[in-house]
Amino acid sequence: MELLSQLAFASDAALLALAGLLCWVFAGVCLVMERRRGSRRSVERLEKVGWVPWTNLFVASAIIGGGCLATSLPVVLGNL
């Protein structure tokens, strides 16, 4: 409950930094999933390859997360 009340009263910059961090976590998940797809044993086997464009999702979420973190950085560092 304490964490929820801290999030409710957090500044916009802190929320933007949290959104950027979550985007980077999602980018990490996308990176792992793309590596799993790339390390299949046999390309010729008729197994499910997948349809999710993990590389595009990785790049988009990494750029968005970096932008969010860069935007919120001066305010977050100023509060230290």
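In this chain, residues are counted from 1 in sequence order. Everything numeric in this text was worked out from a predicted model, so none of it was measured.
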Checking Val25 now: which residues fulfil side-chain contact (heavy atoms from CB on, under 4.5 Å) with it, not counting sequence neighbours?
none

Got a second to check how far Cys30's SG is from Trp24's CH2, nearest 0.5 Å?
14.5 Å

Quick one: list whatever passes side-chain contact (heavy atoms from CB on, under 4.5 Å) with Cys68, sequence neighbours left out.
Leu16, Ile64

Please say yes or no: joined through hydrophobic side-chain contacts below 4.5 Å, possibly via intermediate residues, are Trp51 and Val29 part of one cluster?
yes

Would Arg37 and Trp54 count as a side-chain contact (heavy atoms from CB on, under 4.5 Å) here? Give the steps.
CA-CA 9 Å; Arg37 182 192 310 185; Trp54 292 114; 2.8 Å; yes

Please round to the nearest 0.5 Å and tell me the distance separating atom CG of Leu22 and atom CG of Leu18.
4.5 Å

For Ser61 and Cys23, the nearest pair of non-hydrogen atoms, with its separation, is O-CB, 3.5 Å

State which residues pass side-chain contact (heavy atoms from CB on, under 4.5 Å) with Ala19; sequence neighbours excluded, sorted by chain then number.
none

Supply the atom-to-atom distance Leu57 CG to Met33 CE, rounded to the nearest 0.5 angstrom.
11.0 Å

